[in-house]
2 protein chains.
Amino acid sequence: MKATIRSVAKLAGVAPSTVSHYLNQTAPLSAATAKNVEQAIAALNYRVNLGARNLRLRKTNSIGVVIPNITSPFFGEIAAVMENKLWERGFQTLLCISERSPERELSQVAHLVSRQVDGILLVYCSQKSRVAETLKNISVPIVFVDRRVPDQYSICTDNFLGGRLAARHLATLGHRVIGLLCGEPSVENVAERIEGFKLELQRFGLEVPEAYRAKGRQDLQLGLRITDLLQLEPRPTAIFATNDIVAIGAWRKLVESGFRIPRDISIMGFDDIAISRFLVPPLTTVAQPYREIGGKAVEMLVDLVQAGETATPAEKSVILAPTLKVRGSTAPLKKGGVDGKAIDGRLPERTKAVSPPKSKRPTSKGASRPLKS
Amino acid sequence: MKATIRSVAKLAGVAPSTVSHYLNQTAPLSAATAKNVEQAIAALNYRVNLGARNLRLRKTNSIGVVIPNITSPFFGEIAAVMENKLWERGFQTLLCISERSPERELSQVAHLVSRQVDGILLVYCSQKSRVAETLKNISVPIVFVDRRVPDQYSICTDNFLGGRLAARHLATLGHRVIGLLCGEPSVENVAERIEGFKLELQRFGLEVPEAYRAKGRQDLQLGLRITDLLQLEPRPTAIFATNDIVAIGAWRKLVESGFRIPRDISIMGFDDIAISRFLVPPLTTVAQPYREIGGKAVEMLVDLVQAGETATPAEKSVILAPTLKVRGSTAPLKKGGVDGKAIDGRLPERTKAVSPPKSKRPTSKGASRPLKS
DNA sequence: AACCACATTGAAATCGCTTTCATCGTTGAA
DNA sequence: TTCAACGATGAAAGCGATTTCAATGTGGTT
């Protein structure tokens with residue numbers, strides 16, 4: 001039978017309240033009793049029952065974390081940062097993986113509330129509207145992570161800016177025919193990256209025709225779809241993938257097909273996950289401020305929890321700027337291409353696969369010619 | 001103010017116990033009262049306070065998971081599998097990341113016990129002895145994951161066998177001069193892989209001299225240390241890294257230095273993490289049965305929790321067999337080398353870096369010549 | 001009419017802890 | 001000597017649930 005505060009008290013010959021006072025230093029004890037209690041605790045190997053304490057205190061010192069998954073490097077990193085920060089601040093992390101299932105996510109949030117968590121860190125996968133609606137009558141403070149939610153506590157990278165940085169980089173290098181590997185646009189973050197990318201491209205008088213975009217769930221598999229883009233005429237000289245994982249998937253096909261990066265084709269990603277630096281050449285990418293995202297989210301939430309009703313911070317929705325990491329996988333376009341006609345149209349020498357551009361040329365004259373300046 | 005069972009009872013005009021009966025279907029209610037209660041619950045948006053229930057029931061339906069980190073693909077995968085399985089089984093996961101700190105690990109376990117978790121899944125980073133000792137007087141069921149602990153509930157890959165598989169593969173391909181990139185041997189899993197590797201190699205009359213081993217913490221950085229091995233004479237024709245991450249780190253240096261894999265050098269890893277399949281060529285590796293490890297661990301623990309004192313399963317320590325995944329990064333030795341002399345000693349053509357073998361030849365004559373058959 | 005069985009409902013104890021506030025010496029000052 | 005002040009301790013209430021068991025009402029039997 002587990003030791004309780006009562007059993008300790010009995011052994012020490014004092015009242016339970018005295019033991020409690022000893023534990024919490026909430027009243028001065030004579031040296032003698034203190035010693036007695038101490039010994040009794042040691043003898044029984046007593047540990048306070050936090051469940052009971054929490055019930056009494058109406059505070060659990062625990063925070064629920066709901067996240068689509070933790071195996072993807074990006075989310076994994078975020079989750080790790082948050083757990084660490086929470087532990088430092090004295091909070092226990094209740095981890096919930098939604099596996100991108102809105103139903104599951106919702107029931108997890110409900111469950112966490114039932115468990116009386118002091119707050120919730122949520123990387124939602126549902127539609128924004130739905131989340132907002134169901135969370136309306138929840139009394140627990142919530143901070144949205146990696147999601148932009150106006151008027152709510154939220155913290156997120158400026159994906160739009162990230163998209164622009166990518167576009168500017170590629171355009172500045174002289175690329176005119178650019179392919180896109182993008183996640184589902186229903187994911188807001190992806191949509192914003194694309195949006196930013198397109199917008200900045202326009203400034204250079206460029207665009208990415210529909211045919212030059214491969215869409216799908218953001219994972220390694222999606223990267224493989226790059227083969228579709230490679231068959232296009234003119235062939236893209238640069239690829240922007242909406243995250244690094246996708247870029248790495250594409251990388252594989254590229255190298256297998258005999259392309260040399262960046263000589264034959266430039267490629268860049270988004271996120272800056274750990275392995276990206278370790279590719280050869282290392283992957284150019286738009287880096288998200290992982291630590292800041294996770295760290296700030298926790299701080300925000302903890303402040304919220306500790307503030308109680310009082311003192312609401314000024315800015316609720318924080319947006320962090322990403323940074324461009326120029327590395328080896330992108331290079332200036334060889335012998336400046338003009339007029340939307342790709343030079344160097346031939347496949348690179350050691351090419352194996354990638355069926356050679358069949359006679360079916362795209363009808364659109366100059367599919368990606370510069371827009372009206 | 002949050003709704004309690006009492007407030008619901010009052011609104012419904014019944015006693016709290018009746019509401020409880022309604023919630024838990026522990027007594028039959030007349031249709032009328034049931035409806036009343038139901039409406040009151042809906043009206044107040046009442047959700048049971050699991051903290052209070054748990055206190056009363058002396059069961060929290062929560063499991064503590066302590067793991068060195070979740071950002072490494074291997075642990076991340078395991079953690080994800082466990083969380084999923086636990087959620088399915090109705091348990092909340094309390095995640096604790098020890099960050100490879102034994103102190104932290106211990107205090108986390110203690111904390112979890114204080115929180116009255118029903119059980120603990122532990123991937124310990126302390127020394128085995130120390131863990132065993134401090135956990136001796138803990139009353140909560142524990143299952144050790146990815147660690148072999150005789151006489152305790154534990155589940156682990158057969159690392160020794162894994163090492164042997166790797167050695168046999170490389171030896172069979174004809175490699176005679178083999179380099180090792182190994183994690184710290186103080187980590188038992190690593191030690192066992194090495195042990196198995198050495199043993200199997202001996203069967204082929206081979207050995208790996210001390211100079212051909214680079215040691216360090218198992219991460220991307222360690223892989224870079226392969227440069228040390230490349231300067232050896234004779235140069236190794238194959239590399240075994242004790243996990244995939246390390247192999248990938250080495251991969252980078254290798255390719256940067258102009259080596260072609262597997263033409264110029266073979267390399268293999270351990271774990272079979274997701275990206276390994278996506279390298280070009282894909283990485284040969286010894287695959288750990290992730291899902292089985294995580295899944296079985298959860299099942300074992302849940303059984304333990306639910307069995308209570310009764311019925312202890314026969315086998316406490318489960319060992320799972322890894323499988324060899326032969327992929328593209330290993331190949332037969334070109335023109336069989338004999339006598340411990342590496343043929344093809346020259347650097348591959350397009351070599352850039354890797355300072356050429358300076359005149360200082362290793363004194364040991366035939367450092368890795370075949371052992372007595 | 002008296003009695004009993006059965007179906008509902010609720011009073012009260014309890015889980016393990018915190019916290020208020022009263023109590024009970026002691027002690028120093030008047 | 002008396003009293004106020006103080007330091008140390010403990011009795012009891014309460015956090016929000018569950019669960020036992022008694023109480024109540026109903027209807028069917030004899």
Side-chain angles (χ1 to χ4, degrees), chain A residues 1-38 40-41 44-62 111-118 139-140 308, chain B residues 1-38 40-41 44-62 92 111-118 139-140:
Chain A
M1 192 82 293
K2 240 172 207 169
T4 72
I5 201 174
R6 219 180 321 263
S7 60
V8 171
K10 192 181 296 177
L11 181 58
V14 298
S17 51
T18 304
V19 178
S20 176
H21 284 136
Y22 170 83
L23 289 171
N24 305 304
Q25 310 197 25
T26 166
L29 295 194
S30 72
T33 36
K35 189 166 190 179
N36 275 347
V37 172
E38 190 178 333
I41 287 178
L44 296 176
N45 191 26
Y46 168 76
R47 315 223 86 235
V48 61
N49 178 329
L50 288 177
R53 169 182 288 176
N54 292 339
L55 175 58
R56 181 63 230 246
L57 264 34
R58 292 131 140 251
K59 179 153 192 326
T60 58
N61 285 301
S62 65
H111 192 88
L112 289 173
V113 173
S114 242
R115 275 197 188 271
Q116 314 293 115
V117 292
D118 296 331
S139 52
V140 175
Chain B
M1 190 85 290
K2 239 172 207 168
T4 71
I5 200 173
R6 215 174 330 259
S7 60
V8 172
K10 192 181 296 177
L11 181 57
V14 299
S17 49
T18 304
V19 178
S20 176
H21 284 136
Y22 170 83
L23 289 172
N24 305 302
Q25 310 197 23
T26 166
L29 296 194
S30 72
T33 36
K35 190 166 189 177
N36 275 346
V37 173
E38 190 178 333
I41 287 178
L44 296 176
N45 192 24
Y46 168 76
R47 312 224 87 234
V48 62
N49 178 329
L50 288 178
R53 169 182 287 176
N54 292 339
L55 174 59
R56 181 63 229 249
L57 263 35
R58 296 134 133 236
K59 178 150 191 329
T60 60
N61 285 300
S62 65
Q92 174 72 55
H111 193 88
L112 289 173
V113 172
S114 243
R115 273 195 190 271
Q116 314 293 114
V117 292
D118 297 331
S139 52
V140 175

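Below, read A as the first sequence line, B as the second, and so on, with proteins coming before strands; counting in each chain starts at 1. Please read these numbers as outputs of a predicted model, since none were measured by experiment. Because only heavy atoms are used, hydrogens play no part in the values below, and waters and symmetry mates are left out as well, while side chains stay in.
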Please determine which of B/Val8, B/Thr33, B/Asn36 meets the side chain to side chain contact (heavy atoms under 4.5 Å, CB included) test together with B/Val14.
-> B/Thr33
From CG of B/Leu23 across to P of D/dT19 the rounded distance in Å is 12 Å
note: B/Ile5, atom CD1; D/dC15, atom C1'; distance rounded to Å ~ 13 Å
Nucleotide by nucleotide, 5' to 3', does protein get under 4.0 Å of the base (B), only the sugar-phosphate (S), or neither (-) in nucleotides 5-11 of chain D, counting heavy atoms?
-> ---SBBB
Mind calculating the distance between CZ (B/Arg56) and C1' (D/dG14) to the nearest angstrom?
-> 16 Å
How is B/Tyr46 classified with respect to the nucleic acid when contacts are heavy atoms under 4.0 Å: base, sugar-phosphate, or nothing?
-> sugar-phosphate
Considering only heavy atoms of chain B and a distance under 4.0 Å, specify the first and last nucleotide of DNA chain C in 5' to 3' order that meet this criterion.
-> C/dT8 to C/dG16
For the residue pair B/Val117 and B/Thr60, what are the closest heavy atoms and their distance?
-> CA-OG1, 3.6 Å
What's the OH-P distance between B/Tyr22 and D/dA17, to the nearest Å?
-> 15 Å
Under 4.0 Å between any heavy atoms, over every strand shown, what does A/Leu50 touch: base, sugar-phosphate, or nothing? Just pick one.
-> nothing
Between D/dT19 (C1') and B/Gln25 (CD): distance, integer Å | 16 Å
Separation of B/Arg58 atom CZ from D/dT18 atom C1', in whole Å?
-> 12 Å
Length of the line joining B/Leu44:CG and D/dA17:C1', which is rounded to integer Å = 16 Å
When all nucleic acid strands are considered with a 4.0 Å heavy-atom cut-off, which category describes A/Asn54: base, sugar-phosphate, or nothing?
-> nothing
Ring pair (Phe, Tyr, Trp, His ring centres under 6.0 Å) partners of A/His21, counting only residues at least two apart | none
